[in-house]
Amino acid sequence: MTSKSSAKFNLRTVLAGLTLGLTLIVTLSAWTLDLTAQVPSATDEILRHAKYLASDELTGRGVDTPGISLARDYIAGEFAKYGLRPGGDGASYLQSFDVAVGVMMKEPSSLVLGHQATLAVNEDWIPLGLSTSDKAEAEVVFAGYGITAKDYGYDDYADVDVKGKIALVLRYEPPPKDDKSPFRKLPDSSTHAALRTKANNARDHGAAGMILVDLNHTGDEKTELISTRNSLWRGGNSLVAAQVKRRLIEKWLNSQGVSLTALKEKIDQGGKPASMPVRGATLQLQVSLQEVHRRAENVVAVLPGTDPILKKENIVIGAHYDHLGLGHFGALARESEGRIHPGADDNASGTAVLLDLARRLSALPAKPARTFVFVAFSAEELGLYGSRHFVTHASFLSSTKAMINLDMVGRLRENRVTVFGARSGESFSNLISETAGELGLAIVQSDNVGRSDHMSFYNRKIPVLHFFTGNHADYHRPTDTWEKLNIEGMAKVSDLVLLSALRIDDSKAAPAFVSLPSRPSTNGPGERPGFSTYLGSIPDYGANIDGVRLAGVTDGSPAARAGLKEGDIIIQLADKKIQNIEDLTAALRGQKPGDEVAIIVLRTGKPVSVKAILRARG
Ligand SMILES: [Zn+2]
């Protein structure tokens, strides 16, 4: 594969050479070498930045963790060192904005079972983070696992009426009875087990509220209740909902002659719902939740242009410096919640290269004609908040003519860099290929816009480029550490971006915006829509081949269970031929969680067929 892509690549360089004429190529190369040599990339500096930003002291740079301020001050300090002008609020480098980081409970919140005393919140019960702020007082209807799986003929709501009642539902889902079952065995789970699915389903059946109980919990009572933070679902909340400790609800229902344990047993054994109203058992639930907001800050620095006219135009180079913090939101490994997510590749790497570029551009003997604006964005992981705030500033918006984003540039492999959005600027495609060619880098241009801060600019019709060195199994996990960074590779990305930016600057006319054919998703990384079928393959976005090459597979995922591994090239899924990532996405969309599908991969050149049982994402 290496030889194939580099062969293609050389051919492209040769073709470009023929088109442009040899003289021009020679001139460009000389220009290039000269510029990269004038202020060379500094690997020791890049390493220092990345290592510090990804250190434990910076607590994963979560917007609600102390480390984010250290990162902010470090970046501002570097910008000052390079003699860059502050571009934030007032005369500072910081551009501050508000961001919702979660919810917290407030008064009044209460739960009363029958005629008992009010239960102690956080001790005996806890609001679910997805709850609305509301109250309900109604009779309890036991609604099994709260699942409606029509295709499979299982419906906990089939024989009970929960209209205006409070649905009492069990956490998780029934154990799978057969191969056709959409349910998964713990610790796996299907979309049916998701709290959000249960809450929406209860709402759709007209319930006034939902009470969750975890009969599977066997450990210490202290860990039985799900923290409000971890049961959070951003936006579109459906009904008032809480979790109560099993000991308390069982005792109360036992006094009404109902055994939850026996009902659960009945469902689990028989594979059929055992829903029933609990006549006369009335409870009162009130939940008040408040969004928790934090101030977050972009760090903005300006290198004024030298051309009297062109200096009114900006080229923005950006990278988000926030990450997942302790991984409460956005983390992929549930068991690692509460652990520091260092985010070395995502995105200490981009921030380090951003600083390298700011240093280099500000030190060039001949400064660029246009103004360069360097932005370290915050709150990207929560939903592109920082970049969205930046583009709402009229002055920046109207003067910004191009935006270059660095997000995950720390794992260069086979000298291959993926560039998203290259077709959003008229001249970008050729410019990138030529520049990369001179630096000995292979470029894979993706037709997608990609999903990071540059989206906020693209949505405002500004041409964008997003540089990316590819996905890996450590993405959004505590294992994304600085030791795994390719520092030399980051220096090469710095060269590539430096030259590309200078070439954009070098042209008289600002690049014209080109709308890309497929409408990009407006979801930020933290706003992914609901549930879809999940395989757990980590595509190698840079692989320039027929099929989807895997950069890895997620541990414990359907792909891992099916025996897929790094280097495999998926060429078929079920009856669909797979040529690219979009094919794979569409093929997965045509499947349901729980489906068993045949997947054909090329492994060391030979086709191998495996079977995977798909799961729900979410
Ligand atoms: Zn990122």
Side-chain angles (χ1 to χ4, degrees), residues 172-173 175-176 179-197 230 324 327 329-337 339 341 343 345-346 381 408 411 451 470-481 484 525-526 528-543 547-574 576 578 580-603 608-618:
Y172 307 115
E173 59 197 320
D179 288 351
K180 289 199 185 66
S181 174
F183 307 137
R184 303 266 64 87
K185 225 177 125 181
L186 281 169
D188 254 8
S189 60
S190 79
T191 172
H192 296 292
L195 299 180
R196 176 60 171 205
T197 315
N230 289 346
L324 305 175
F329 187 79
L332 285 182
R334 233 171 273 184
E335 67 280 5
S336 56
E337 269 180 13
R339 284 172 58 192
H341 286 58
D345 186 28
D346 186 11
E381 301 285 5
M408 297 176 71
R411 301 247 188 145
R451 201 151 49 178
N471 220 334
H472 46 77
D474 300 312
Y475 173 71
H476 281 200
R477 290 173 193 276
T479 47
D480 180 6
T481 52
K484 294 176 182 164
R528 272 169 205 134
F531 304 100
S532 54
T533 313
Y534 174 63
L535 177 60
S537 55
I538 301 170
D540 177 352
Y541 286 96
V548 173
R549 184 187 183 278
L550 300 184
V553 292
T554 305
D555 282 351
S557 68
R561 278 155 200 242
L564 294 181
K565 49 191 183 189
E566 179 180 2
D568 283 351
I569 298 165
I570 300 182
I571 55 170
Q572 190 166 336
L573 188 142
K576 298 279 192 307
I578 308 295
N580 51 46
I581 290 161
E582 286 72 18
D583 286 341
L584 181 60
T585 310
L588 282 171
R589 214 180 287 130
Q591 301 291 329
K592 287 194 308 294
D595 283 352
E596 187 184 65
V597 294
I599 299 174
I600 302 175
V601 299
L602 291 178
R603 186 174 291 165
V608 176
S609 182
V610 301
K611 283 197 155 72
I613 297 168
L614 301 173
R615 223 159 65 188
R617 185 191 294 281

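- A donor-acceptor pair under 3.5 Å is formed between the side chain of Glu173 and the backbone N or O of Ser190.
- We find the CZ-CD distance between Arg615 and Gln591 to be 16.0 Å, quoted to the nearest 0.5 Å.
- Of the possible polar contacts, one joining the Arg561 side chain to the Gly556 backbone as a donor-acceptor pair under 3.5 Å is found.
- In this structure, the side chain of Gln572 engages the main chain of Ala574 through a donor-acceptor pair within 3.5 Å.
- Rounding to the nearest 0.5 Å gives a distance of 9.5 Å between CD1 of Ile600 and CG of Leu573.
- Using a 4.5 Å heavy-atom threshold, the side chains of Ser537 and Asp568 count as separate.
- When atom types are taken as modelled, the side chain of Asp346 and the backbone of Gly343 share no donor-acceptor pair closer than 3.5 angstrom.
- For the atom pair Glu566 CD and His472 NE2, the distance stands at 11.5 Å (nearest 0.5 Å).
- Atom CG in Leu584 sits 8.5 Å away from atom CG in Leu550 (nearest 0.5 Å).
- One finds the OG atom of Ser181 at 8.0 Å from the NE2 atom of His192 (value rounded to the nearest 0.5 Å).
- Using modelled atom types, one side-chain atom of Lys484 and one backbone atom of Thr479 make a donor-acceptor pair closer than 3.5 Å.
- Counting heavy atoms from C-beta on, the side chains of Met408 and Asn471 come closer than 4.5 Å.
- The closest side-chain heavy-atom distance from Leu535 to Ile570 is below 4.5 Å.
- For the pair His476 and Leu324, the minimum side-chain heavy-atom distance is below 4.5 Å.
- Remark: the backbone N or O of Asp345 is paired with a side-chain donor or acceptor of Asp480 at under 3.5 angstrom.
- You'll find the side chain of Tyr534 reaches within 4.5 Å of the side chain of Pro558, heavy atoms only.
- Counting only heavy atoms from C-beta outward, the side chains of Pro478 and His341 approach each other to under 4.5 Å.
- Note that OG of Ser557 and CD1 of Ile613 are 12.5 Å apart. Values are rounded to the nearest 0.5 Å.
- Side-chain contact check for Pro593 versus Thr533: some heavy-atom pair is nearer than 4.5 Å.
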